Amino acid sequence: MFENLTDRLSLTLRNVTGKAKLTEDNIKDTLREVRMALLEADVALPVVKDFVNRIRDRAVGTEVSKSLTPGQAFVKIVQAELESIMGAANEDLALSVTPPAVVLMAGLQGAGKTTTVGKLAKFLKERKKKSVLVVSADVYRPAAIKQLETLAGEVGVTFFPSDISQKPVAIAQAAIAEAKLKYIDVVLVDTAGRLAIDAEMMAEIQALHQAVKPAETLFVVDAMTGQDAAATAKAFADALPLTGVVLTKVDGDARGGAALSVRHVTGKPIKFIGMGEKSDALEPFHPDRIASRILGMGDVLSLIEQAEQTIDREKADKLTKKLKKGKGFDLEDFRDQLQQMKNMGGLGGLMDKLPQMGGMNPAQMGNAQGAAEKQFKQMEAIINSMTPGERRDPEIISGSRKRRIAMGSGTQVQDIGRLIKQHKQMQKMMKKFTAKGGMAKMMRGMGGMLPGGGGMPKL
Ligand SMILES: Nc1nc2c(ncn2[C@@H]2O[C@H](COP(=O)(O)OP(=O)(O)OP(=O)(O)O)[C@@H](O)[C@H]2O)c(=O)[nH]1
Ligand SMILES: [Mg+2]
């Protein structure tokens, strides 16, 4: 996510060093580079101009406090401005209306509307504890209705059947009536892809909007289209009272132009970002966390939230109890932890949110991720090749046992030694965390096991 921009900006910002005060003169070059970095990231020009001016105004004359280097002081300003350009705080869906709350989706063809309906349904059901009904008003393709039905089945929400012979307004009204009958909280209405310049199709969705009076009208747009995403959102917002934007395919967007432009160009908040094709790849959009990610400082908060959702509570509680009883953290527990990390969307999703490792570039990050993933697989294989007795009490693993385990797991004897050492470190860490409490803290600790470590970028 936004690798190119992160790379450019962190290189640029590293140059503001060795100055006691930030002046127009000594930040001129850096500002020019920030400007270039944003233009290369396909941020819309008015946004770039505004952004750079605001940074200049704030930075010039800023006395650099003793605790910060000028570089850090400058980064703080850039971070604050990045946040404010994206909207300052996360805007939640406004669903507190007389139920059912209707959410209407709009967007170009292939933007990711139907996929997002599936993701949102899952999000509302699991994280907001809402009952959800989904319906398709895409009467142009039977396959579109079927696609939504399949997704609804996957995420376990009510699907309201529709047919291409029906009118979108009639479909939506029938779905809402059904939701009322069943006391369902939220109705998500999927629609056909359309262009803002297609008058007939725009009239259709305007009529739909009037008929269902949605609590939320979300514009779904592909982040990979960069500043065009903001321009299309603007065109739709002129015809339809949008309440927010969902940026999709952010997982494939190295530049970040859309994320930085949408709010400024349209005045509408980005409410969610899509981070993949699967139904759990949706995140509420937090400008502060994204700003931090863009600057290579990671997004530990989102990581912790994700950890708290995916962690197997029962197992976690059992482990905590066990540790509290004074029993050790054995290799079985270690293996469980490795598996839980895998469940958190793998190391890719994890590394994306960790502070950029001491100025690694994306290729190095990719290599580090590959190496770490390989290492994790190897660790699991090693633990699998041990006897239950060995897993409970690694102290008994002698030289000959090491050789046997290495043979069984296709590894070297020194790999076994390394794993036992790592496990010992984990044990120590677990002791600390159970004293202070909190699985989330532990997950943060696990991050430290990745190659390169983590921590603030060196400026
Ligand atoms: N990588 C990635 N792919 C996504 C994301 N969201 C959607 N897609 C993919 O984009 C393609 C189009 O998604 P749909 O949900 O069918 O798009 P749509 O807007 O409903 O398309 P139409 O109904 O044809 O207008 C599918 O292959 C999705 O898997 C995302 O966040 N990341
Ligand atoms: Mg669709």
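Atoms within each ligand, like the ligands themselves, are counted from 1 in listed order. Keep in mind that what you see is a predicted model, and the values were worked out from it rather than measured. We're numbering straight along the sequence, starting at 1.
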Quiz prompt | Check: Leu260 and Leu38 side chains under 4.5 Å, non-hydrogen atoms | solution = yes

Quiz item: So which heavy atom in the protein is nearest atom 25 (O) of ligand 1, and how far is it from that ligand atom?
Solution: Lys113 NZ, 2.8 Å

Quiz item: With a cut-off of 2.8 Å, which protein N/O/S atoms are close to the Mg ion (ligand 2), if we only count those under it?
Solution: Thr114 OG1

Quiz prompt | Donor-acceptor pair, side chain of Gln166 and main chain of Asp163, under 3.5 angstrom | solution = yes

Quiz item: Are the side chain of Thr191 and the backbone of Met105 linked by a donor-acceptor contact shorter than 3.5 Å?
Solution: yes

Quiz prompt | Short N or O distance, Ala111 and ligand 1, threshold 3.5 Å exclusive | solution = yes

Quiz item: Salt bridge check: are Asp42 and Arg255 linked by an N-O gap of less than 4.0 Å?
Solution: yes

Exercise. Could you tell me whether Ala192 and ligand 1 have an N or O pair separated by under 3.5 Å?
Key: no

Quiz item: Would you find a donor on one side and an acceptor on the other, under 3.5 Å apart, between the side chain of Asp253 and the backbone of Gly256?
Solution: yes

Quiz item: When you measure from the side chain of Lys128 to the backbone N and O of Lys125, does any donor-acceptor pair fall under 3.5 Å?
Solution: no

Exercise. Can you pull out the closest protein heavy atom to atom 8 (N) of ligand 1? Residue, atom name and distance to 0.1 Å, please.
Key: Lys249 CE, 3.8 Å

Exercise. Indicate whether the side chain of Thr114 and that of Asp190 have a donor and an acceptor atom separated by less than 3.5 Å.
Key: yes

Quiz item: In Å and rounded to the nearest 0.5 Å, what is the CG to CG distance from Leu124 to Leu93?
Solution: 6.0 Å

Quiz item: Looking at atom 17 (O) of ligand 1, what's its closest protein heavy atom, distance included?
Solution: Gly112 N, 3.0 Å

Quiz item: Hey, does Gly252 sit under 4.0 Å from ligand 1 if you only count heavy atoms?
Solution: no

Self-check item: N/O donor-acceptor pair under 3.5 Å between Asp415 side chain and Gln412 backbone
Solution: yes

Quiz item: Which atoms of ligand 1 have any heavy atom of Gly193 under 4.0 Å away?
Solution: 25 (O)

Practice problem: Measure the distance from atom 26 (C) of ligand 1 to every protein heavy atom, then report the residue, atom name and distance (to 0.1 Å) of the closest one. | Solution: Glu277 OE1, 4.2 Å

Quiz prompt | Identity and distance of the protein heavy atom lying nearest atom 23 (O) of ligand 1 | solution = Arg141 NH2, 3.1 Å

Self-check item: Donor-acceptor pair, side chain of Lys268 and main chain of Leu242, under 3.5 angstrom
Solution: yes

Quiz item: Side chain, backbone, both or neither: which part of Met275 has a heavy atom under 4.0 Å from ligand 1?
Solution: backbone

Practice problem: Scan for ring-ring contact (aromatic ring centres under 6.0 Å, His included) pairs involving residues 226-264, sequence neighbours excluded, and state none if there are none. | Solution: Phe219-Phe236

Self-check item: Protein residue, atom and distance nearest to atom 1 (N) of ligand 1, heavy-atom basis
Solution: Asp251 OD2, 2.7 Å

Self-check item: Contacting atoms of ligand 1, where contact means under 4.0 angstrom from a heavy atom of Gly274
Solution: 31 (O)

Quiz item: Taking the side chain as C-beta and beyond, is there a heavy-atom pair between Val117 and Leu151 under 4.5 Å?
Solution: no

Exercise. Examine distances only and state if a side-chain atom of Asn53 and a backbone atom of Lys49 form a donor-acceptor pair shorter than 3.5 Å.
Key: yes

Quiz prompt | atom 21 (O) of ligand 1: nearest protein contact (heavy atom, Å) | solution = Gly110 N, 3.0 Å

Quiz prompt | Option set Thr115, Thr114, Leu108, criterion heavy-atom distance to atom 13 (O) of ligand 1, minimum | solution = Thr115

Exercise. Just let me know how Lys119 lines up against ligand 1, side chain, backbone, both or neither, with a heavy-atom cut-off below 4.0 Å.
Key: side chain

Quiz item: Do Glu283 and Met275 come close enough that some side-chain heavy atom pair is under 4.5 Å?
Solution: yes

Quiz item: N/O to N/O below 3.5 Å, does that happen between Gln147 and ligand 1?
Solution: yes

